[in-house]
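First comes the structure, then the notes that go with it.
Here is how names work: the chains are called A, B, and so on, in the same order as the sequence lines, proteins then strands, and each is numbered from 1.
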Number of protein chains: 2
Amino acid sequence: MSPTDPARKVPARRLQMADIARLAGVSMSTVSRALSGSHLVNEETRTRIAELARSLNYTINLGAQNLRLQKNQTVAVVVPYDAQSRQHISDPFFLSIVGGIADALTDRGYDMLLSRVDAERLDNAAQLFHSGKAIGLIVIGQWRHHDQLNDMAAARVPLVVWGGLLPQQLYCSLGGDNVTGGRLATEHLLALGCRRVVFLGDAQLPEAGLRREGYVQALRAAGIDPDPALEVVSPFQTIAARAAMDRLCASGVAFDGVVACSDLLALQAVHAVRAAGREVPGHPQPGGGRSGVAIVGYDDMPVASFTEPPLTTVHQPVALAAVELVDALLAMLGGAAVAPRMLPVHLVVRGSAPTADA
Amino acid sequence: MSPTDPARKVPARRLQMADIARLAGVSMSTVSRALSGSHLVNEETRTRIAELARSLNYTINLGAQNLRLQKNQTVAVVVPYDAQSRQHISDPFFLSIVGGIADALTDRGYDMLLSRVDAERLDNAAQLFHSGKAIGLIVIGQWRHHDQLNDMAAARVPLVVWGGLLPQQLYCSLGGDNVTGGRLATEHLLALGCRRVVFLGDAQLPEAGLRREGYVQALRAAGIDPDPALEVVSPFQTIAARAAMDRLCASGVAFDGVVACSDLLALQAVHAVRAAGREVPGHPQPGGGRSGVAIVGYDDMPVASFTEPPLTTVHQPVALAAVELVDALLAMLGGAAVAPRMLPVHLVVRGSAPTADA
DNA sequence: ATGAAAGCGCTAACAC
DNA sequence: GTGTTAGCGCTTTCAT
């Protein structure tokens, strides 16, 4: 039952083209041609060489081939991490966009290098390009370093960024329409009778900042002045979010709605609010406001409909985004000038902030 | 507000060492030495060259360097896909293990190539090694091709596989203890009074097959014969699982518990059962069995505690697994013989199959 | 302390 | 149709 011989290792020098040539009794050039399917080489010789190579597991060394051909089919996908919290990739949104990009790149015949860089030094990712490891970069998120991304673009690093559209932007970004997303979420809460809506997220991050703009727009349109006490700063991370919401609840500041910057944050808000003895989503009160707290998430991750309560959330088109990011980068590599673009988002109404309220 | 000049492209030949040499007025050898921090080169010259390189964004071309040095720091992480269903990476479990591996590899100074291969041709992944793209492979899942993995190992491809321990195994695998996992889940349901426990998963897949072994063990130990009618074959995919469970409910076959092979499958089971008008988890009945259906998931994905009902599930140590996979591969590359190993799993009891039942 | 030259594994003129 | 040769961008003897 136990393994016969678990993976022993003997280095065994890797075969190379010269070996194949010798074994086939031809020159290297012939092997090279045969393997590339050139019609300059005799049909019979070609298949013989191909067989030989296959039977020996010989494959052209791509490092050498790339060097010679000056080509490279590798795209780097850069997922920044927060060095302080040593926070790893874990948000399902990031993970699934990475999955989608992997698929899109594979479909198009490119390799994908998955790289982590310190979110404070996004510009370190340029190294991947300058060193020739990758022909271009897809960066997931702008974090706090719009400037570094601009510098990279100015240095002609082929670059596409998942994120929002910012002033003075030199690079190509693609992302959900954050302002609209923030506005939709907030409008929905206002329509439910919420009057004191919390914004949960870190508005220092461009995406969250834009969502906050939408939030403010919606409030103002409803004649409500944004209250700084209702801004709960929290990174895209669960523990911190929970603590921040607990603090808010303990502070006694009144609120009856939450616009969260991710579904994960929304879930933390749900638990914090319930731990404080209030209901989610509660009911509108005759005097205005709500008996409980209605909560809207962001991203619409696959399990959002299975949570308790099911999350009302702003849907981001992950699969589309992945394909668009890849195509944008490839177009750019093809010499096109690719303009930044926003992808449509829409609100998905579920239980955490229902539509018709009793 | 709109971008000044979105990422225009001018090819601009990449700098190379000869350029730096010329600009610095020294020979290439000196530049090479300077950049590698050799003490053979004058302190002053060295810093001068380093500055120059930095200011011009020059980085050594790694393709060329690797060729010359015969080195490579790239590990391929292979995530198989189902070609028939064109099913993309989407299970949060796979995604998060990939995230963890990315972190572990980055920490150790390796690059990670994320590759997708047809689950029917896992052996195609060997190409990544033979072509020199990667020094070794981490394959996520055995799928239906234990044999191909064995062949790869026999061909001396450095290889570590996330998966179960199988008979006649030549490669190094690491994975949760699936038999125990399946047994724990089933024992828990039996303890709750379930007598007709469904196994939801595709036992053709080694991991699911092992879990089924545990399931059968637990049933037998309780004096229950496994009923083939209670085996619902479903891939690790949501739509199919839902349909299969709907069919089971419609068939009239009696059941009062479900052991699912992933949390996603468990959630689908919850919905199917509820759509059929039954409760999850229900209550034990005086005559044996339960009024509703108790359901246990597998993986313990991060949101499992936030679902409705919160999922009782078998916890897999994802973060640990990622690190262990990486370390196993690196040890193997270092010449060590690394034996397959199982990682501990444990049951996390939540609402979908509670502990003390009223 | 620095330079000249050979070669990592491959391809593409250019010969024949 | 096949072989010879000169590099792709780099490192490293071996000279000096």
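- One finds a salt bridge joining A:E43 and A:R46 here, because a Lys/Arg side-chain nitrogen approaches an Asp/Glu carboxylate oxygen to under 4.0 Å.
- Rounded to whole Å, the distance from CG on A:L35 to P on C:dG9 is 16 Å.
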Nucleotide by nucleotide, 5' to 3', does protein get under 4.0 Å of the base (B), only the sugar-phosphate (S), or neither (-) in nucleotides 8-16 of chain D, counting heavy atoms? BBBBBB---
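- By the 4.0 Å N-to-carboxylate-O rule, B:E51 lies close enough to B:R54 to be salt-bridged with it.
- Spacing between atom NZ of A:K71 and atom C1' of C:dA12 amounts to 15 Å, rounded to whole angstrom units.
- If you measure from atom CZ of A:R48 to atom P of D:dG1, you get 15 Å, rounded to the nearest angstrom.
- Regarding A:R22, its CZ atom lies at a distance of 19 Å from the P atom of D:dT2, rounded to whole Å.
- Looking at residues two or more places apart in sequence or on another chain, you find a side-chain hydrogen bond (donor to acceptor under 3.5 Å, both in side chains) between B:S173 and B:Q169.
- Between B:Y171 and B:H146, the angle of the ring planes goes over 60°, which puts this pair in the perpendicular group of the 30/60° scheme.
- Here the side chains of B:D327 and B:E324 are not in contact, with every heavy-atom distance at 4.5 Å or above.
- Every residue two or more places apart in sequence or in another chain was checked for a side-chain hydrogen bond (donor to acceptor under 3.5 Å, both in side chains) with A:T47, and none qualifies.
- If you measure from atom CD1 of A:I20 to atom C1' of D:dT2, you get 18 Å, rounded to the nearest angstrom.
- Across the protein-nucleic acid pair, B:R46 atom CZ and C:dT2 atom C1' stand 14 Å apart, rounded to whole Å.
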